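Here the structure is a predicted model, which means the values were calculated and not measured. The first residue of the sequence shown is numbered 1, and numbering continues consecutively from there. Note that ligands are numbered from 1 as they come in the structure, with each ligand's atoms numbered from 1 the same way.
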Amino acid sequence: MSEILVLVDKAQDTVRNVTYEVLAAALKLKEKNGASISAVYIGDNAGSIESDLGKYGADKVYKIENPSLKDFNPSLYAHALSELVNKVNADIILGGNTLQNQDFLPRVASKTKGGLTTDAIDIDLTSSSTLQVKRYKYSGKSIATLSYHDVKPMIATIRLNAYKPVEAGAAGEAVSESIDIPADDNFKVIETNIIPKERPELTEADKIVSGGRGMANGENFKLCYDLADSVGAGAGASRAAVDSGWVPYEMQVGQTGKVVSPNLYIAVGISGSVQHYAGMGSSKVIVAINKDPDAPIFQKCDYGICGDLFDVLPALTDEIKKLG
Ligand SMILES: Cc1cc2nc3c(=O)[nH]c(=O)nc-3n(C[C@H](O)[C@H](O)[C@H](O)COP(=O)(O)OP(=O)(O)OC[C@H]3O[C@@H](n4cnc5c(N)ncnc54)[C@H](O)[C@@H]3O)c2cc1C
């Protein structure tokens, strides 16, 4: 076994937590076969990231820096990573199951003749150092175990929050990699608009409060936002609420929305369809607030409050605020 490559996800000056989660997954593999773990930064300005990455398990940090990698460009990023993979003969590539990685890693698999699985909830190695990946199937009703056969590199994206970062105190030695980046006339970023976020991003949030059709209209979502803000949670929604135009699509959780995995998920006025569950079923603790005692969500939650959300939400928010 040569190296496990872990993709660095960096926003502005900060390495995002998902990178440390994926390093924790890589450490699990390293414990089995002693492989070295190398973090890979692709962009225009890595900065001094090696000590932080080393703290969470990276033995080495490859920095592929080039002005044309400033903005995400799927073909250039795929080129850069594929060149590195060929150069260091990497066996395994791991990254968070982010939209960016979902976009460019299939291209890397194609260029390197590797194999790719996405949205793993757990990974392991067989006795012959073959990567094994567990992922949900049938909208979270069952878990499939997949492995790779005679293919290299073995590439996988890991569901956010599936692993907790582990402090490992590795060396974190920085290695600058000069890889020629070709001109690309097919893809050009014209403008970048960063939408200011009032609440934590759903895919990274530790707690989420989501509202469904039971909220009855968009104004009533203020009750969800009040509860979310009282506990520092992100705000989500079911597709029914999004399709009704009450809240924007970026709040949708589920099969055709975001896949989230917080420690606490509070579902308010949401019935618990399989498509919604597909996006939040791996939450650690699920709380449901619903007035229908037969709502399917009560079969899937850890705690259920059977009552009218218009009574329960203000009372719950008030009690939480009293706790300070
Ligand atoms: C291909 C496909 C993809 C889909 N993708 C998604 C997806 O990504 N995400 C998603 O969410 N859905 C998705 N859906 C839709 C999904 O099937 C459901 O229609 C949707 O999840 C229902 O949303 P809901 O639970 O808010 O609404 P409903 O099922 O209508 O449930 C509303 C709930 O609110 C409760 N309620 C009403 N009033 C109150 C009150 N005053 N107090 C307390 N409780 C109250 C009701 O008892 C009910 O249980 C998808 C469907 C398909 C076919």
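In this model, no donor atom of one side chain and acceptor atom of the other lie less than 3.5 Å apart for Tyr56 and Thr19. In summary, the side chains of Ser38 and Glu3 do present a donor paired with an acceptor at a separation below 3.5 Å, with no hydrogens or angles considered. Checking Lys258 against Thr203 by side-chain atom types alone, no donor-acceptor pair falls below 3.5 Å. In this structure, a donor-acceptor pair under 3.5 Å is present between the side chains of Asn89 and Lys152. No side-chain N or O of Ser147 forms a donor-acceptor pair with one of Thr130 less than 3.5 Å apart. Side-chain contact annotation: Thr98 with Gln102, donor-acceptor N/O pair under 3.5 Å absent. When only modelled atom types and interatomic distance are considered, Ser271 and Ser273 share no side-chain donor-acceptor pair under 3.5 Å. Side chain to side chain, Asn97 and Thr118 fail the donor-acceptor criterion of an N or O pair below 3.5 Å. A donor-acceptor contact closer than 3.5 angstrom links the side chains of Arg159 and Ser282. Remark: the Ser75 side chain and the Asn73 side chain contain an N/O donor-acceptor pair separated by less than 3.5 Å.
Considering only heavy atoms from C-beta on, Ile181 comes within 4.5 Å of His79 through its side chain. Side-chain contact check for Ser210 versus Met280: every heavy-atom pair is 4.5 Å or farther apart.
Atoms of ligand 1 lying under 4.0 Å from any heavy atom of Gly257, numbered from 1 in the order shown and given with element: 8 (O). Counting the atoms of ligand 1 from 1 in the order shown, those under 4.0 Å from a heavy atom of Gly254 are 7 (C), 8 (O), 9 (N). Applying the 4.0 Å criterion to heavy atoms of Gly212 picks out, from ligand 1, the atoms 26 (O). The Thr256 neighbourhood of ligand 1 comprises atoms 3 (C), 4 (C), 5 (N), 6 (C), 7 (C), 8 (O), with distances under 4.0 Å to a heavy atom of that residue. Residue Phe310 has at least one heavy-atom neighbour below 4.0 Å for each of these atoms of ligand 1: 41 (N). Applying the 4.0 Å criterion to heavy atoms of Gln255 picks out, from ligand 1, the atoms 7 (C), 8 (O).
Taking any N or O of Ala241, backbone or side chain, none lies under 3.5 Å from an N or O belonging to ligand 1. Ligand 1 has a nitrogen or oxygen under 3.5 angstrom from a nitrogen or oxygen of Val253.
Contacts between Ile297 and ligand 1 below 4.0 angstrom, taking non-hydrogen atoms only, are absent altogether. The part of Ser273 lying near ligand 1 is the side chain, judged by heavy-atom distances below 4.0 Å.
Scanning the protein for heavy atoms near atom 26 (O) of ligand 1, the closest one is Ser238 OG, 2.6 Å. Scanning the protein heavy atoms around atom 48 (C) of ligand 1, the nearest turns out to be Asn290 ND2, 3.7 Å. The protein non-hydrogen atom at the shortest distance from atom 53 (C) of ligand 1 is Gln275 NE2, 3.9 Å. Counting protein heavy atoms only, atom 32 (C) of ligand 1 is closest to Gly269 O, 3.4 Å. Remark: minimum distance from atom 4 (C) of ligand 1 to any protein heavy atom is reached at Arg239 NH1, 3.1 Å. Protein heavy atom closest to atom 7 (C) of ligand 1, with residue, atom name and distance, is Gln252 NE2, 3.3 Å. Given atom 19 (O) of ligand 1, the protein heavy atom at minimum distance is Arg213 NH2, 4.5 Å. Regarding atom 28 (P) of ligand 1, its nearest protein heavy-atom neighbour is Ser271 OG, 3.6 Å.
Counting protein heavy atoms under 4.0 angstrom from atom 12 (N) of ligand 1 gives one or more.
Using bins of under 30°, 30° to 60° and over 60° for the plane-to-plane angle, the ring pair Phe104/Tyr77 lands in the perpendicular bin.
No heavy atom of Pro296 sits closer than 4.0 Å to any atom of ligand 1.
Closest heavy-atom approach to atom 22 (C) of ligand 1 among the candidates Cys306, Ala267, Ala240, Gly307: Ala240.
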